[in-house]
Trainee: 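Take a look at the following structure, please.
Numbered from 1 within each chain, the chains take letters A, B, ... in sequence-line order.
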Amino acid sequence: MTEKYAPGEIEAKWQRRWSEGRVAYVDTAAIGNEFYMLNMYPYPSGSRLHVGHGRNYILGDALYRRERMAGRKALNPMGWDAFGLPAENAAIQSGIHPREYTLANIARMKEQLFALGCLYDWSKELASCDPAYYRWNQWLFLRMWERGLAYRKTAPVNWCPGCRTVLANEQVIDGRCERSGDAVAIRDLTQWFFRVTDYAQRLLAGLEELPHWSERVKTMQRNWIGRSEGAEIFFRVDGLTEPLTVFSTRPDTLYGATFLALAPEHPAVARLAERSARRAEIEAFAESVRLESRLERESEGGEKLGLETDARAVNPATGETIPVWVASFVLPEYGTGAIMGVPAHDQRDFEFARKYGLSIRPVYRTAEGEADPAAMTEARPHDGVLCHSGSWDGTPNGPEAIRVAVKWLEEKGFGKGKIGYRLRDWLISRQRYWGTPIPAIHCGSCGVVPVPDSDLPVLLPEDVDFRGAEGNPLEGSAAFVHTRCPKCGGDARRETDTMDTFVDSSWYYFRFLNPHDAEKMVDTARVARWLPVDQYIGGIEHAILHLLYARFICRVLRDMRLVHLEEPFERLFNQGMITRLNPSTGKIEKMSKSRGNTVSPDELIERFGADTVRLYTLFVGPPEKESEWSEEGVAGAHRFLNRVHDLCARVQRLSEDGGEGTSDSSLRRLTHRTIERVTEDAARFHFHTAVAALMEFQRGIVESLETGAEASGALREATKTLLQLLHPIAPHLTEEWWERFGEQGFLVEAQWPAFDPALATSPDVTLVVQINGRVRGKLSLARGASEGEAMALVRADDRIRPWVDGKQITRTVFVPDRLLNLVVR
RNA sequence: GCGAAAGUGGCGGAACUGGUAGACGCGCAGGUUUCAGGAACCUGUGGGUAACACCGUGAGGGUUCGAGUCCCUCCUUUCGCACCA
C-alpha cells in the first residue's frame, strides 16, 4: 500500500514560491548570459490550452529546468501572437471585440501554463496587438519601403472567399486556404509586398549553415525557394516591338523548340489579341483559363488547353518561324510566364504538341540512333549527344551542353544565363481589421506617401464595426481613414490594409531582450550576446511559413546593421502532434478543437495533478513523432508519482545517522547508471525513456530499502538523486521532497547530479555464451576476464556443456565482457 | 510520378558504433485487501511445449561466427514536392 499525496496543495505552494522567487527571471542587460531557449509562441485565439498543444510547453519547460540545473543560465520568454484571423473570426462569432477577446484568452492561457508549473520570464512578456510592439512592425515597414523591400503592385493574387482577404503564396496549400480550407481564387489586386525574392539565394545558402535543423524542414524550404539554373532566351515575334523572353533550364534544346507558349495572364497575350482578327476568340480563351481556380487548373490530369495566335516567332537558333500559342499549362508566376516548347524532350510539351499537331524535333541522339518523331509515344530523356543543333552538334548531354548553349546565346545576343526561383514576393497586406495598420497615406496629388516616423504608431482604432460583412472593417472608420497628407497637407486617405501576422512573429525573438524599449526596435548589443536562439521548439506546420519569414526578416535587419546574425535559430526541434481517437469518426486523429477530440489539462490537473499531466505527456512517446493519448496511461503515470512519494516518506522515516554505504554497492551503481541514462535521454529530448529509467530506479531503491542491504544514508542519497533527475518532469513533487529532506533553496536551482563512470561499473559482468550464434547460456564472471577463463567456465557449466561435448570447436569469437560465441561442428 | 521517413507482442513504444529482441507503461490473467463495485498492492505475461527443442522485429533473398540494426528486390503507411519549363 503506497502512501498517497495530495498534488493540489503541493503544486499551488511551489507555483507560488517559484513566482515569488522570480525563478525564471533573467537580467538580459547583464554581461555573460548567453543561452536563449524558445517555444514557438502561441496564438491565443483558442481560449483553452489542450494537452495536444500542452506537450510543446511541457517539453520546453522540462528542457528549461534541466538547463537551469546543469548550470546554464537560460532565458525562457513568452509572447503572444495576438493579431490575426483566428482571433478576429472568433471575435466576430462571439460578438466580443477582438481586443477584449484576445486579452481574456491570454489571461486564461497564462493561468493554464502557470498551473502546469511552466516557468517563463514574465518580465519579458509581449503581445503583438500591443501598440508598443506593433509600432515597430510599422517602423520596420517604413525602413523596408525606403530600401525598396516593401512595395505596392497590382498582380494576380490569392483571394480566400471565406476569410475575405488575400493570402501569401505560403498560406495556400494545394490551392486551398491554409486556415479555412476554402478554394482560393486568383484576383488582380493592388497589394503590398515584401521583396523576399531578393533574398532567395541567401535563404537557400543559409540552409547549409544549419546542421542542427532536420533535413526534412530544410528540404521543404529548398523546394519552396525552388532554384533552377538555365537561361533566358529572346524570341522576335512579329507585331511586338520587344522580343518575347522565355526561361528554360535546358537552353541546349533550343534547336528543338517548335513553338512558343504563353500563360493566359502574360501581358503580351492582350497585345497579340488586339492585332488579331480573332481578338474576341483569343481574349475569351485567356479569360476562361484565368477564371478557372488554381485548384482546377493544376489538378491532376488537368487537360492542357491551348489556342494558337496569329503571331509567329523566330527561333534564334534555327531561324525558322514557329507558332505562338496561349496555353493553360504555362504558369504566369514562374520564370517569365512564357516557354519555348521542345516536344521531343519535354513530356508536357510533347502532350501539347501531339494534341494540337505541332511538329516534334529530337535534338539528342543516343548510341541507338535518333528517335523517329512520328513513332514517339512520349518525350525522350536528355541523353546522348546533341544533333541537328548546328555548331553544338556532338556535345554530350550534361552541364557542358548547357554551358555551350548559354555561351552561344550570350555571344549572339539571343539570351543570357539566368537563375530562376519559384519563390514569390511575400504578399503582406490583408483586408482585415485585427492587425497592424500599414503606415501609408494615399494623397490625390502626392501619391502613396509614408507616414513619418514621428507619427508612429498608427493606432488601430477600437470603435470599428468589426462584424461588417463586406470589405475591410477599417474602411468604415471615418476617423481613421480621413487624414492629411504628410507632404502637401491636403486631404488624404489612410491605407486600410493591415499586415499579415507573420510579420509580427518574424522578429519577436529579438524583442524579448528589450520588450519595453520605446526608443528602438531591437537592442543590437544584447542581440549580439544572446542570439542566435540556441533551441527553438515548434511544430512542423511552420516549416515554410514562419521559419522562412523569420530567416528573411533577420537578414533584412542584418543588412540594416541592427543585428549581427544571418540565421536566427541555431537548433530547431519539431515536436510531433498528440493524437486521440475521435469518437465521431472512429479514427485516430491529431488532437484539435475543431475535431472535437481534445483533452483539457484543467480537468486532468484537477484529478491527478500537474505533475501527472507533465509526466504522462512526456512519457507518451518520442516527442518528434506523433503520439496517441490514452486515459489509462495517465493513471499509470499517477501511480508512479504515488510510489515516489511513498518511497520518500519511507526513507525519511529511517534514522538519519545511518552512514554512507559503500562505494561498490549495487545501489550506487544503479544510481550512476540512471544518471547517465537520464542525462543522455534528456539531451536528445527523449524524456519517455528517461521516465522508464527513473521507474526502474525507483523500484531499485525500494528493493534496497526492503532487503535492508543499504545504510539509510545511502538510501537518502539515492532518493535525492531520484528527485533531482525527476525534477524537470515532475517539478512540484520533487521540489516538495527536496525541502522535506532538509535541502536549502529551490531544487530547480540545485545542481544536476554528476555522473561518475567508475561508480557505474560493477566488478562482475554477464557474459553471453552462444553456440553457432544462438544464445545457450550466460556466465557471471569478473570484469576483464580472459577468453581462457570464460572457456573454463563453459566446460564447467552443466547447461552449456551438452552443446559442446563431442563436437569440434572450429572457431571462437570472444568479445570481452560481453560475449563468447563458439562455432562447433 | 519524384523525394524522405517509418513498418518490432493485444496496444503505446525500448534496443548506443551489428553482440541476451520486447526496457518502461497500458491491457490482460492469478493473488492479497474490500460487504460489494471500484481503487490500491503483489506475481505473471511474444508464440509454442509437460519441459526442452523450435518459431518470432512488413515479405523474399544476401553479407556475417552473429542482423531489428548492413546490402539488394518487393509490399504497406505517413509526410513533403508535383504541368516549375
Trainee: Would you kindly give the CZ-to-P distance between A:Arg216 and B:rG3, to the nearest whole Å?
Mentor: 18 Å
Trainee: Side chain of A:Lys778, heavy atoms from C-beta onward: which of B:rA82, B:rU20, B:rC65 has the nearest atom to it?
Mentor: B:rU20
Trainee: Return the value, rounded to whole Å, for the distance between atom CG of A:Asn772 and atom P of B:rG66.
Mentor: 8 Å
Trainee: Given B:rC81, B:rC65, B:rA14, identify the nucleotide with an atom nearest to the side chain of A:Asn821.
Mentor: B:rC65
Trainee: If the glycosidic angle sits within 90 degrees of zero it is syn, else anti. Tell me which applies to B:rG9.
Mentor: syn
Trainee: Do any N or O atoms of the protein come closer than 3.5 Å to N or O atoms of nucleotides 22-26 of chain B, and which pairs are they?
Mentor:
from   : atom 1 : to       : atom 2 : distance (Å)
B:rA23 : O2'    : A:Glu696 : OE2    : 2.8
B:rC24 : OP1    : A:Arg699 : NH2    : 2.6
B:rC26 : OP1    : A:Arg639 : NE     : 3.3
B:rC26 : OP1    : A:Arg639 : NH2    : 2.4

Trainee: What class does the angle between the rings of A:Tyr364 and A:His382 fall in, given that below 30° is parallel, 30 to 60° is tilted and above 60° is perpendicular?
Mentor: perpendicular
Trainee: Between B:rC65, B:rU20, B:rC81, which one does the side chain of A:Val823 approach most closely?
Mentor: B:rC65
Trainee: Step through it carefully: locate the ring centre of A:Phe259, locate the ring centre of A:Phe352, and say whether they are under 6.0 Å apart.
Mentor: yes
Trainee: Specify the closest pair of heavy atoms between A:Arg422 and A:Asn223, including all atoms of both residues, with the distance to one decimal.
Mentor: NE-O, 3.4 Å
Trainee: Can you check the A:Lys218 NZ to B:rC79 C1' distance for me, whole Å?
Mentor: 18 Å
Trainee: Between A:Glu378 and A:Arg354, is there a side-chain N and carboxylate O pair less than 4.0 Å apart?
Mentor: no
Trainee: Please tell me which of the listed nucleotides, B:rC83, B:rC55, B:rA85, lies nearest to the side chain of A:Val330?
Mentor: B:rA85
Trainee: Among the candidates B:rA21, B:rG80, B:rC54, find the nucleotide nearest to the side-chain atoms of A:Asn223.
Mentor: B:rG80
Trainee: When you look for runs of 3 or more Watson-Crick or G-U pairs in a row, both distances below 3.5 Å, which of them include RNA chain B?
Mentor: B:1-7 with B:75-81, B:10-12 with B:24-26, B:27-32 with B:40-45, B:58-62 with B:70-74
Trainee: Let me know the distance between CD of A:Glu215 and C1' of B:rC79, rounded to the nearest Å.
Mentor: 15 Å
